[in-house]
Amino acid sequence: MFEARLVQSAILKKVLDAVKDLLTEATFECSDSGIQVQAMDSAHVSLVSLNLRSDGFDKYRCDRNLSMGMSISCMSKILRCAGAEDTVTLRAWDNPESITFIFESPNKDKLAEYEMKLINMDQEHLGIPETSYSCVIKMPSGEFSRICRDLSQFGESITFACSKEGIKFSASGDYGSANIKLVQNTDADKEEEAVVIDMQEPLKLTFACRYLNCFVKAGPLCNQVQLSMSDDVPLVCEYKIGDIGHIKYYLAPKIDD
Amino acid sequence: KKKQTTLMKFFKAP
């Protein structure tokens with residue numbers, strides 16, 4: 001039997017909001033250590049890696065490893081049925097054909113169950129090599145969302161240029177061009193407002209706005225986002241999910257034709 | 001003009 005309970009269903013709602021624009025379906029791997037998802041968008045340009053540790057759940061039981069293929073749009077619809085303060089429990093039997101989402105109101109006067117059919121999916125786990133990144137940036141997630149949104153008006157892609165002066169995001173297109181520079185700011189009043197730039201080597205990379213604007217949907221999960229970059233390798237954009245895990249997005253760069 | 005790469009170029013297929 002598999003059973004995982006989260007007092008705050010809002011966390012799971014936010015996780016779904018953070019992946020539903022990139023993925024139509026995904027395999028949820030459940031084991032003793034927790035729930036993991038690794039899935040690419042249909043164009044194989046970006047990859048979502050989600051990890052929810054078992055010790056982060058309020059109750060967690062997984063008697064045997066399960067691979068459950070789920071429709072992300074259906075799961076998203078179901079989670080929209082949860083009240084903001086509801087507790088959520090995911091439950092499946094061994095060799096399941098479906099998974100049940102159980103929502104319970106805070107004072108336990110309402111209990112709703114939604115059963116979702118599982119789907120058969122081909123596994124295509126990619127091997128992601130260990131990389132030491134030449135530039136790692138931590139910044140407020142709201143700021144990153146804003147930059148992606150604002151610069152998307154000017155072009156289809158954003159160039160990230162990191163130097164010892166800071167990081168510069170730029171975009172250009174038919175209407176003109178725009179750039180936004182950020183310098184390190186560790187004196188911010190609040191930790192979540194800090195900008196931390198750890199640069200070993202300067203770099204310049206270009207990424208498609210379309211995907212970046214999907215990644216920033218994870219902003220409500222965490223006040224800070226971490227961007228890890230090296231020349232000519234995919235960007236890693238990471239958001240922590242409270243004390244329970246993280247969501248990492250990988251994005252293949254655009255390179256000179 | 002820049003061309004979009006895919007992750008297959010960087011990551012190992014199963």
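Letters go in sequence order (proteins before strands), and every chain restarts at 1. Computed from a prediction, not measured in an experiment: that's the story for all the values here. Just the heavy atoms: all of them, side chains too, but no hydrogens, waters or symmetry mates, feed the values below.
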Specify which of A/Pro253, A/Pro129, A/Ser157 makes the most heavy-atom pairs with chain B at under 4.5 Å. A/Pro253
Counting only heavy atoms not in [X], do more than 12 sit closer than 6.0 Å to its [atom1] atom?
{"X": "A/Asp122", "atom1": "CG", "result": "no"}
{"X": "A/Asp198", "atom1": "CG", "result": "yes"}
{"X": "A/Lys254", "atom1": "NZ", "result": "yes"}
{"X": "A/Asp257", "atom1": "CG", "result": "yes"}
{"X": "B/Lys2", "atom1": "NZ", "result": "yes"}

Quick one: pull up [atom1] in [X] and [atom2] in [Y] and give me the separation to the nearest 0.5 Å.
{"X": "A/Asp256", "Y": "B/Lys1", "atom1": "CG", "atom2": "NZ", "value": "11.5 Å"}
{"X": "B/Thr5", "Y": "A/Leu251", "atom1": "OG1", "atom2": "CG", "value": "8.0 Å"}
{"X": "A/Leu47", "Y": "B/Phe10", "atom1": "CG", "atom2": "CZ", "value": "13.0 Å"}

Could you tell me whether the side chain of A/Tyr250 reaches within less than 4.5 Å of the side chain of B/Phe11, counting heavy atoms only? yes
Where A/Ala208 and B/Gln4 come nearest, the two heavy atoms and their spacing: CB-OE1, 3.6 Å
When every non-hydrogen atom of B/Leu7 is compared with those of A/Pro234, the smallest separation belongs to CD2-CG, 3.8 Å
Side-chain atoms of residues 38-45 of chain A: list all donor-acceptor pairs with protein atoms under 3.5 Å, sequence neighbours left out, distances to 0.1 Å.
unit_1: A/Gln38; atom_1: OE1; unit_2: A/Leu126; atom_2: N; d: 2.9
unit_1: A/Gln38; atom_1: NE2; unit_2: A/Leu126; atom_2: O; d: 3.2
unit_1: A/Asp41; atom_1: OD1; unit_2: A/Val45; atom_2: N; d: 3.1
unit_1: A/Asp41; atom_1: OD1; unit_2: A/Ser46; atom_2: N; d: 2.6
unit_1: A/Asp41; atom_1: OD1; unit_2: A/Ser46; atom_2: OG; d: 2.9
unit_1: A/Asp41; atom_1: OD2; unit_2: A/Ala43; atom_2: N; d: 2.8

